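Let me begin by presenting the structure, written as structure tokens, before commenting on it.
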Amino acid sequence: MTDFSQADFDVRVEWGAPAIEHLAAEADCIVIIDVMSFSTCVSVAGERSGMIFPYPWKDASAQQFAAENDAECAQFDRRFQGQGFTLSPCSLLNMTAGTRLVLPSPNGSALTFKAKAHKAAIFTACFRNLTATARACEKYRQILIVPAGEKWPDNSLRPALEDFAAAGGLVSRLSHRRLSAEARAARAVYQHLTRAELERCGSARELNRRGFAADIALCLEEDVSDLACQFQGRYFTAHRCKKDRSF
């Protein structure tokens with residue numbers, strides 16, 4: 001895999017599970033980006049001092065995992081705010097401090113589980129906390145940014161524009177580092193794509209059709225949080241980083 005590893009660069013970008021399988025061993029920092037909606041959910045929960053336990057399967061084992069961790073399990077189906085916690089970021093807006101929530105997700109959570117097999121620090125990022133995440137990543141030598149993407153009905157990867165753009169936003173805040181061509185491509189997408197265009201991307205259109213326009217707005221807010229979200233053993237928590245650089 002040497003030709004495809006981007007190993008000569010400090011900041012690399014590669015899609016989904018294959019990125020974890022083939023590139024993560026050389027990284028000391030992995031950033032998983034699943035804008036709509038796992039990463040945004042983690043950010044919103046972190047802002048409220050909640051803890052998110054990622055879990056890759058939406059079945060009875062998720063409930064068991066929650067019980068083992070003294071946590072609540074989010075409902076498997078996306079629902080409107082006020083109907084319990086789900087993968088809808090808006091459903092987490094009223095989360096209270098100290099809440100422990102298992103969040104089953106076939107994308108962001110599943111990638112986190114894969115990344116756990118490696119020794120790298122693991123973060124999840126979204127538009128809401130790009131600068132905070134860049135500050136947290138600054139101390140690491142090899143940064144692997146993984147846009148999660150979504151799934152087609154046959155379970156193959158569907159590259160998600162919003163994830164690639166957010167990956168590029170993170171790259172743009174690390175531009176003083178050695179960037180792979182793939183990282184530069186993501187940065188170019190971020191720099192030339194407007195929020196209005198992202199509001200019309202496939203993932204946003206799906207959420208809008210289902211009545212979750214408020215989630216789209218929440219997911220596309222940029223740098224409204226100064227907290228980076230890091231995986232700590234079994235869960236994500238949020239923390240502030242010192243301003244070692246001006247981003």
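All figures in this text were calculated on a predicted structure; none of them were measured in a lab.
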Joint cluster assignment, F9 & L144, ILVMFWY side-chain distance < 4.5 Å: no
Which residue, L161, D163, L198, I216, forms the side-chain contact (heavy atoms from CB on, under 4.5 Å) with V35? D163
Hey, could you give me the CZ/CG distance between R128 and D226, rounded to the nearest 0.5 Å? 11.5 Å
Looking at R100, I'd like to know if its CZ atom is crowded, meaning that more than 12 non-hydrogen atoms belonging to other residues, nucleotides or ligands lie closer than 6.0 Å. yes
If the threshold is 4.0 Å, N to carboxylate O, is there a salt bridge linking R12 and E182? no
Would E14 and S180 satisfy side-chain contact (heavy atoms from CB on, under 4.5 Å), going step by step from the backbone distance to the final call? CA-CA 10 Å; E14 190 53 77; S180 70; over 6 Å; no
Determine whether W15 and M36 fall in the same hydrophobic cluster, where Ile, Leu, Val, Met, Phe, Trp and Tyr are linked whenever their side-chain heavy atoms lie under 4.5 Å apart. yes
Is there a path of hydrophobic side-chain contacts, each under 4.5 Å between heavy atoms of I, L, V, M, F, W or Y residues, that connects F53 with W57? yes
Taking C-beta and beyond as the side chain, do L157 and P159 meet within less than 4.5 Å on heavy atoms? yes
Applying the side-chain contact (heavy atoms from CB on, under 4.5 Å) test to L111, which of D34, I30, I32 qualifies? I32
Does the side chain of S175 reach to within under 4.5 Å of the side chain of R187, using non-hydrogen atoms? yes
Atom OG in S49, atom CE in M95: separation rounded to 0.5 Å? 10.5 Å
Checking T96 against T99: is there a side-chain donor and acceptor pair closer than 3.5 Å? yes
Looking only at heavy atoms, what is the nearest atom pair of F38 and G108, with distance? CD2-CA, 3.6 Å
Treating S109 as the side-chain partner and L103 as the backbone partner, does any N or O pair qualify as donor plus acceptor under 3.5 Å? yes
Can you get from V13 to V189 by hopping between Ile, Leu, Val, Met, Phe, Trp and Tyr side chains that sit under 4.5 Å apart? yes
d(R135 CZ, L174 CG) to nearest 0.5 Å is 11.5 Å
Pair E222 + R195: basic N to acidic O under 4.0 Å: no
Backbone N or O of G169 within a donor-acceptor pair of the S172 side chain at under 3.5 Å? yes
For E26 and S5, run side-chain contact (heavy atoms from CB on, under 4.5 Å): C-alpha distance rounded to whole Å, both residues' side-chain angles, the deciding distance at 0.1 Å, then the answer. CA-CA 9 Å; E26 298 176 356; S5 67; 4.1 Å; yes
With a 4.0 Å cut-off on N to O distance, would you call D223 and R173 a salt bridge? yes
Please report the shortest heavy-atom distance between A17 and K114, naming the atom on each side. CB-CE, 3.7 Å
Closest non-hydrogen atom pair between C73 and F76, with its separation: SG-CE2, 4.0 Å
Residue among F65, F236, Y235 satisfying ring pair (Phe, Tyr, Trp, His ring centres under 6.0 Å) with Y55: F65
Would you say D28's side chain and Y140's backbone share a donor-acceptor pair under 3.5 angstrom? no
Separation of L220 CG from E162 CD (nearest 0.5 Å): 8.0 Å
Near R205 CZ, under 6.0 Å, is it more than 12 heavy atoms from other residues, nucleotides or ligands? no
Go through F85 and L92 one step at a time and tell me if the side-chain contact (heavy atoms from CB on, under 4.5 Å) criterion holds. CA-CA 6 Å; F85 297 133; L92 308 183; 3.4 Å; yes
To the closest 0.5 Å, what do you measure between CD (Q142) and CD (Q6)? 10.0 Å
Any side-chain heavy-atom pair from K58 and L87 closer than 4.5 angstrom? yes
In short, A132 meets S225 closest at the heavy-atom pair CB-O, 4.1 Å
Show the nearest heavy-atom pair for residues V11 and R177, with the distance to one decimal. CG2-CB, 3.8 Å
F231 with M51, same ILVMFWY side-chain cluster at under 4.5 Å: no
Check: R184 and V171 side chains under 4.5 Å, non-hydrogen atoms: no
Taking the side chain as every heavy atom from C-beta outward, state whether V31 and T133 have any atom pair closer than 4.5 Å. yes
Assess whether side-chain contact (heavy atoms from CB on, under 4.5 Å) is satisfied between R48 and L93, documenting all intermediate values. CA-CA 8 Å; R48 287 149 182 80; L93 289 173; 3.4 Å; yes
Check the side chains of E197 and H192 for a donor-acceptor pair under 3.5 angstrom, ignoring hydrogens and angles. no
Non-hydrogen atoms of A62 and P104 that approach each other most closely: CB-CG, 4.0 Å
State the CG-OG distance between D215 and S203, to the nearest 0.5 angstrom. 12.5 Å
